[in-house]
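Let me begin by presenting the structure, written as structure tokens, before commenting on it.
Since we're looking at a predicted model, the values are computed, not measured. Chain A is the first sequence line, chain B the second, and so forth, proteins listed ahead of strands; every chain is numbered from 1.
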Amino acid sequence: MAAAVGRVLRLGGRWSTAAGGPGAQTLRLIYTTTAVQRKNVGASGPEKYTEAFIKKQIEEFNLGKRHLANMMGEDPETFTQEDIDRAIAYLFPSGLFDKQARPMMKHPSEIFPEQTKIQWGEDGRPFHFLFYTGKQSYYSLMHETYEKLLSVQKYQDQMTAQDLPPQKEKRNLAGSRWLTKIELEEMLLEKLSDNDYLRFIQLLQKLMTLPCGDMEEKYIQKFTKEVPAQLQKVVIEPLKYDERGVAFSTGEGIRKTAKATATVYDNGTGKITVNGIDILHYFPVLQDREQLLFPFQFLDRVGKHDMICTVSGGGRSAQAGAIRLASAKALRSFVTEKEVEFMRQAGLLTTDPRVKERKKPGQEGARRKFTWKKR
Amino acid sequence: DDKLLSEPLSHPDFFNVKELFSLKDLFDARVHLGHKKGCRHRFMEPYIFGCRLDQDIIDLDQTMQHLQLALNFTAHIAYRKGIILFISRRRQFCHLVESTARECGEYAHTRYWQGGLLTNAHIQFGSGVRLPDLIIFLSSLNNVFEPHVAIRDAAKMNIPTVGVVDTNCNPCLITYPVPGNDDSPTAMELYCKLFRMAIIRAKDKRRQSEVFDELR
């Protein structure tokens, strides 16, 4: 193992210009071995592009777009990206399956990812003053936020010095949440650790708890997101009146594969018709008829309503369950909110989520396994 | 071009950094206060004036000389357009140091030091990165009261260092140590002000000389 210890490097290898300007090239003694000098192509990460390179690519793209428009016989000024895609698909037909593998002509900002831009100028000086920390955007964000904190504290001190009361503004805390770690990473284009994220959120919370004015709200809003109200208030439809002046309302219900729609009329005698047939004939089994009557029995309105329903799909029991749900939903309009709540707690208004479980391969049924034979 | 670079080297104090500070300024900023006798580092004994009620007092005459050398060196580096990196791991002064660096147009690192920043730079940043030409330590210890890793790394990468060393620090690997207090806010503000003024002065002088050259 020939280790070239103390090799003085001039050309190639790793050496950096001292502060001698463009002319003077001072030597730097760097201890390396021959193995290390071989360039490890993969380890340096994806290729980085300079700004000049990206600009040139954009110019070439625009020029190519105009050429393509001329070729296709269309107006270069109004040639959109969709037209480009169509033209390329026409001129270079490809039978490849993967859409990403087919020839494409897109704007360079879509092809070259944003983050792989070289962060220093021609003379080698980095652009950002926190470049040497490694996580420049995150630390510059922390720096900015801390500066805001200091300015707010100074403002507070001034107010107390002038004996003015601190501003107390009510901020809507319930409707917003902080950005998640992934969203923050996307914003900064840098990887963060959990600790870093926590620190940043703690700093923001500290800033928020101070009696700060409008100046900081805009800054904090950049890192908050609105939480949409997840409560879906179920709207109970009002009663409708038909030609005779009788109040009625409709409801829909599902159970297994059966679908049912029910129309419940007021001032009735308790007559129930299913698909044009009376329930005694349609549901010969007592259990099904009990299911249909349960909502009315629960609300003590057994003989007071008429019902006409249509049902399809499923079996005997499923159809009964579907009609029950449909009638319960229809009855909501006739009844007070408290009773609606009682119905909900009784389970009359919930769609039964149980459906037939699929059969799995290697088993005889959904759960039943094949007979186990010892030998 | 050569004349531009060689002319400052002929004067002992080309940028006149002596006038930036005086002994009284250092005393008012409490630069002479060190730590207690028990915290004293063996290699700091030459720089200590004495010990009063168990607290070490740093010799300000020596500090003056060292500070003048350090500021002169910094100004020369800035004149030759070198990259200067400010390092301080004190949480109290992190914001101050970063703002100082930003105002000078130089760079700062007051956060957690990742292992290979200097020694593994070509892999961490990308090939063709330029390393700093001078590192200024405004506090040479890290949060666990051990010498900062960057001192050793800079020595490995042949990067000259300027550092404010307190009585509990090891001044060994630092090229231009400046014995002084690194705990008081006044002292830190004074150092930041001095370095900032030196760098800005050097950069202005460089711009002026370039303009004169172009006019000729």
Side-chain angles (χ1 to χ4, degrees), chain A residues 13-24 26-31 36 39-50 115-136 138-140 142-151 193 195-196 199, chain B residues 1-2 4-6 73-74 76-87 91 94-135 150 156-160 202 206:
Chain A
R14 288 167 196 187
W15 60 285
S16 40
T17 44
T26 50
L27 304 172
R28 283 249 179 96
L29 208 68
I30 297 172
Y31 290 91
V36 168
K39 198 170 172 189
N40 191 351
V41 180
S44 54
E47 219 186 287
K48 292 205 165 48
Y49 310 102
T50 46
Q115 55 207 122
T116 53
K117 265 191 242 160
I118 291 190
Q119 314 256 359
W120 53 85
E122 273 176 21
D123 56 348
R125 290 184 76 103
F127 298 128
H128 200 272
F129 76 106
L130 289 175
F131 170 76
Y132 287 106
T133 55
K135 303 182 210 168
Q136 62 179 50
Y138 168 70
Y139 286 132
S140 74
M142 292 290 275
H143 181 80
E144 259 182 58
T145 320
Y146 192 71
E147 219 174 288
K148 296 257 184 270
L149 194 83
L150 285 178
S151 70
S193 81
N195 240 346
D196 294 336
R199 284 277 184 202
Chain B
D1 207 32
D2 271 338
L4 201 73
L5 296 173
S6 57
F73 186 71
T74 321
H76 277 276
I77 294 269
Y79 182 85
R80 294 160 95 87
K81 296 198 178 157
I83 295 181
I84 300 179
L85 184 64
F86 286 87
I87 295 187
R91 215 179 124 94
C94 139
H95 186 83
L96 173 69
V97 170
E98 284 184 342
S99 345
T100 317
R102 197 176 45 187
E103 281 156 25
C104 297
E106 299 297 340
Y107 307 88
H109 184 108
T110 57
R111 310 284 176 168
Y112 178 75
W113 179 269
Q114 284 172 330
L117 278 186
L118 290 181
T119 41
N120 208 16
H122 289 280
I123 295 176
Q124 290 215 338
F125 294 117
S127 52
V129 70
R130 188 174 149 188
L131 289 178
D133 300 302
L134 172 67
I135 298 186
K156 278 189 187 174
M157 301 302 286
N158 285 355
I159 301 172
R206 173 66 184 240

Check whether Arg206(B) reaches the backbone of Ala78(B) with its side chain - one donor and one acceptor, N or O, closer than 3.5 Å.
no
Listed by number, the residues in residues 97-107 of chain B that come under 4.5 Å of chain A (heavy atom to heavy atom) are Glu98(B), Ser99(B), Arg102(B), Gly105(B), Glu106(B), Tyr107(B)
Heavy-atom pair of closest approach, residues Tyr79(B) and Ala202(B)
CD1-O, 3.7 Å
Looking only at heavy atoms, the pair that brings Leu118(B) and Leu131(B) closest together is O-CD1, 3.9 Å
Heavy-atom side-chain contact between Phe125(B) and Leu117(B) under 4.5 Å
yes
Those residues at least two apart in sequence (or on a different chain) that pass side chain to side chain contact (heavy atoms under 4.5 Å, CB included) with Lys135(A) are Tyr138(A), Tyr139(A), Glu190(A), Asp196(A), Gln114(B)
Within a radius of less than 6.0 Å around OH of Tyr146(A), do more than 12 heavy atoms belonging to other residues, nucleotides or ligands occur?
no
